[in-house]
Amino acid sequence: MATSVKNNFLNPALVSNLQQALLRRKDSVQEQQHHNRANEPTKASSKPVVLVTNGDGIDSLGLTLLVEALLCDALLDVHVCAPETDRSVCGHSVTTGETLAVCSVQVGGANAYQVSADCVSLALSGALFSWSKPVLVISGLNKGTTCGYDTLYSGAVAGAREALICGVPSLCISLNWEKNVSCESDLKDAVTVCLPLIHAAIRDIQKGIFPKNCFLNIGIPSCPLTNKGVKVTRQSPQRSSLSWQAVSTNKNPSAGHYMSNQQSLGIMLAQLGRDASAAAAARRLNSNRKNVEVESVGVAGKFSSQQTIKKYFRMELTEKEQQDIEEDLDSRELEEGFVTVTPLSLYANVHMEIQSSVSSWLAIALSGDQ
């Protein structure tokens with residue numbers, strides 16, 4: 001409604017000025033009210049809060065597909081905090097003495113942050129998100145198995161383990177991705193297979209009947225939709241073989257690896273200035289020494305004490321063949337086509353009580369008899 005002032009024999013110019021003043025005041029009041037509404041604290045969502053991370057990096061298709069599926073029925077409040085690059089075999093590392101860069105992005109329709117490292121620790125610290133604690137942390141969907149001793153190397157498993165350390169229930173979900181065989185549609189099918197387990201976990205966490213003192217490492221077989229069922233398994237003693245090969249030259253790291261190490265590089269550059277004098281002195285002392293680059297000990301031969309031997313090696317992971325593996329072990333049952341659910345604790349071995357409690361929970365969760 002327009003603001004007006006009745007003309008009771010007032011000067012027309014004065015009336016016009018009053019009208020303009022009243023309009024400006026109205027606009028100012030409306031602007032202030034809008035500002036106040038925008039700055040009101042956001043009301044806490046009544047939906048269960050779920051934090052999703054992974055080991056493959058923020059741009060991985062498995063992460064996007066999982067987040068999209070979790071948001072599909074609008075029953076969950078989904079947040080994402082994942083590494084900016086592939087951290088599949090980085091294990092449980094902790095960054096100290098460096099500043100972490102965090103960048104906001106969108107993943108599958110959810111608000112997300114990409115972080116150089118320590119994603120779960122930062123996300124659960126209270127410094128990044130407004131909520132105090134999620135109901136569940138999911139590390140997935142990751143490409144590649146996380147069975148046996150490979151769980152000690154896996155960045156994906158480390159994300160779920162960090163959540164347990166922080167007192168939050170967690171799942172690690174991985175697809176048994178077969179090189180030159182698996183395709184993107186398998187990732188989508190794997191999400192379909194794991195969703196009932198995720199929703200059962202959230203429901204029973206809220207009821208207080210989800211297994212405690214462990215997190216669940218879930219393996220999806222390479223053909224997800226034709227799986228033979230779900231089995232509670234034990235961690236096998238299997239691991240990928242580490243193959244070290246001598247190489248002739250030190251190849252430059254990839255651009256992606258270079259960018260991921262910019263923080264460490266900055267520290268080293270700063271140190272160069274402080275070490276300049278010492279380095280110059282060292283060069284003078286070693287001016288008569290010769291660097292000899294060799295490919296292996298076999299071709300190195302013997303060198304005098306005045307020579308420095310420099311060698312280069314490159315490591316590759318190769319799958320170890322399974323031999324005489326017992327039943328109910330994760331790697332065997334996954335290869336047999338079962339969805340494996342392996343409870344992992346913070347201790348060396350999972351107690352039989354935990355194994356039993358997970359088996360009992362899974363039987364009830366999958367039966368739908370609540």
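Just so it is clear, the model here is predicted, and its values are computed rather than measured.
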* Asked: Just checking, any donor-acceptor pair under 3.5 angstrom between side chains of Asn213 and Ser345?
  -> no
* Short question: side chain of Thr226, backbone of Cys223 - any donor-acceptor pair under 3.5 Å? -> yes
* Asked: Which value, rounded to the nearest 0.5 Å, describes the distance between Leu70 atom CG and Ile138 atom CD1?
  -> 5.0 Å
* Mark yes or no for whether Gln355, through its side chain, and Thr233, through its backbone, hold a donor-acceptor pair below 3.5 Å. => yes
* With side chains defined as the heavy atoms from C-beta onward, is the minimum distance between Ile58 and Leu63 less than 4.5 Å? -> yes
* Structure fact -> side chain to side chain contact (heavy atoms under 4.5 Å, CB included) test vs Val191 passes for just one of Val67, Thr64, Leu66, Asp186, namely Leu66
* To do: Verify, without hydrogens or angle tests, whether Ser125 (side chain) and Ala127 (backbone) share a donor-acceptor contact under 3.5 angstrom.
  => yes
* Between Thr146 and Ser154: side-chain donor-acceptor atoms closer than 3.5 Å -> no
* Heavy-atom check, side chain of Leu76 versus side chain of Pro48, under 4.5 Å -> yes
* **Side-chain donor or acceptor of Asp204 paired with backbone N/O of Ile209 under 3.5 Å** => no
* Hey, what do you get for CG (Asp73) to CG (Leu195), rounding to the nearest 0.5 Å? -> 8.5 Å
* Any Val358 side-chain heavy atom under 4.5 Å of Cys214 side chain -> yes
* Asked: Are the side chain of Asn217 and the backbone of Ile173 linked by a donor-acceptor contact shorter than 3.5 Å?
  -> no
* Any donor and acceptor pair, going by atom type alone, linking the side chain of Ser360 with main-chain N or O of Ser357 inside 3.5 Å? -> no
